[in-house]
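Keep in mind that the numbers below use all heavy atoms, side chains included, and drop hydrogens, waters and symmetry copies.
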Amino acid sequence: MKKSVLVLGLAAVIFTSCGEKKKEEVKKEVETKVEEVKKEVKEVVVDNLELGKELFTSKTCSTCHQADTKVIGPSIKDINKIYAEKNGNIVKFLKGEAEAIVDTDPGQVAIMKANLDGFVKDLSGDELAALAAYMRSIK
């Protein structure tokens with residue numbers, strides 16, 4: 001009887017320790033995969049911001065909008081602040097699906113609409129999202 005209890009006890013210790021080892025292997029594998037996904041997401045974000053910056057420059061947005069100075073249009077910081085306060089959607093605005101919420105002067109709105117029709121109407125949803133992400137990245 002003592003022998004069988006000892007054998008059963010020893011078997012329990014072996015199985016338990018093997019289970020802990022397996023848990024540790026699974027934990028390491030999951031952590032590795034999480035780190036790989038984080039790296040991929042970071043690369044996508046960086047690529048998206050670079051595309052947004054390129055579009056902001058090439059579509060001449062920078063002619064009217066500077067980071068923290070009102071030129072022809074409001075500064076990017078002012079745009080970001082008002083869109084955040086009013087829970088606005090820059091992409092919808094750029095698509096013409098939302099009204100202006102930053103500079104609502106009718107003359108300014110007419111200029112903006114003409115520029116949007118000329119410069120951003122052919123951008124894809126992903127490109128518009130990249131443009132908005134770049135603008136939001138300016139603090």
Check: What pairs meet the salt bridge (charged side-chain N to carboxylate O under 4.0 Å, His left out) rule with one or both residues in residues 104-121, with sequence neighbours excluded?
Finding: none
Note to self: Tell me every residue that passes salt bridge (Lys or Arg N to Asp or Glu O under 4.0 Å) with Glu97, counting only those two or more places apart in sequence or in another chain.
What the structure shows: none
Checklist line | side-chain hydrogen bond (donor to acceptor under 3.5 Å, both in side chains): pairs with one or both residues in residues 71-82, sequence neighbours excluded | finding: Ser75-Asp78
Check: Distance from Arg136 atom CZ to Leu49 atom CG, nearest 0.5 Å?
Finding: 9.5 Å
Check: Are Ile82 and Leu116 joined in one hydrophobic group, where the rule is that I, L, V, M, F, W and Y side chains link up if heavy atoms are under 4.5 Å apart?
Finding: yes
Check: Are Val109 and Phe119 joined in one hydrophobic group, where the rule is that I, L, V, M, F, W and Y side chains link up if heavy atoms are under 4.5 Å apart?
Finding: yes
Margin query: How long is the straight-line distance from CE of Met112 back to CD1 of Ile72, given to the nearest 0.5 Å?
Written below: 12.5 Å
Notebook entry, point to check: According to a 4.5 Å side-chain heavy-atom criterion applied to Ile, Leu, Val, Met, Phe, Trp and Tyr, with indirect links allowed, do Ile76 and Val120 form part of one hydrophobic cluster?
Noted result: yes
Next item on the list: With sequence neighbours excluded, give me every side-chain hydrogen bond (donor to acceptor under 3.5 Å, both in side chains) pair touching residues 124-134.
Entry: Ser124-Glu127
Validation: residues 57-67 side-chain donor-acceptor distances under 3.5 Å, sequence neighbours left out:
| residue | atom | partner | partner atom | Å |
| --- | --- | --- | --- | --- |
| Thr57 | OG1 | Lys53 | O | 3.1 |
| Ser58 | OG | Glu54 | O | 3.0 |
| Thr63 | OG1 | Thr60 | O | 3.3 |
| His65 | ND1 | Pro74 | O | 2.7 |
| Gln66 | NE2 | Ser62 | O | 2.6 |

Check: To the nearest 0.5 Å, how far apart are CD1 in Ile138 and CZ in Phe56?
Finding: 6.0 Å
Please report, to 0.1 Å, the donor-acceptor pairs under 3.5 Å made by any side chain of residues 85-95, with sequence neighbours excluded.
| residue | atom | partner | partner atom | Å |
| --- | --- | --- | --- | --- |
| Asn89 | OD1 | Val91 | N | 3.0 |
| Asn89 | OD1 | Lys92 | N | 2.9 |

Check: CE/Met135 to CD1/Ile79 distance, rounded to the nearest 0.5 angstrom?
Finding: 4.0 Å
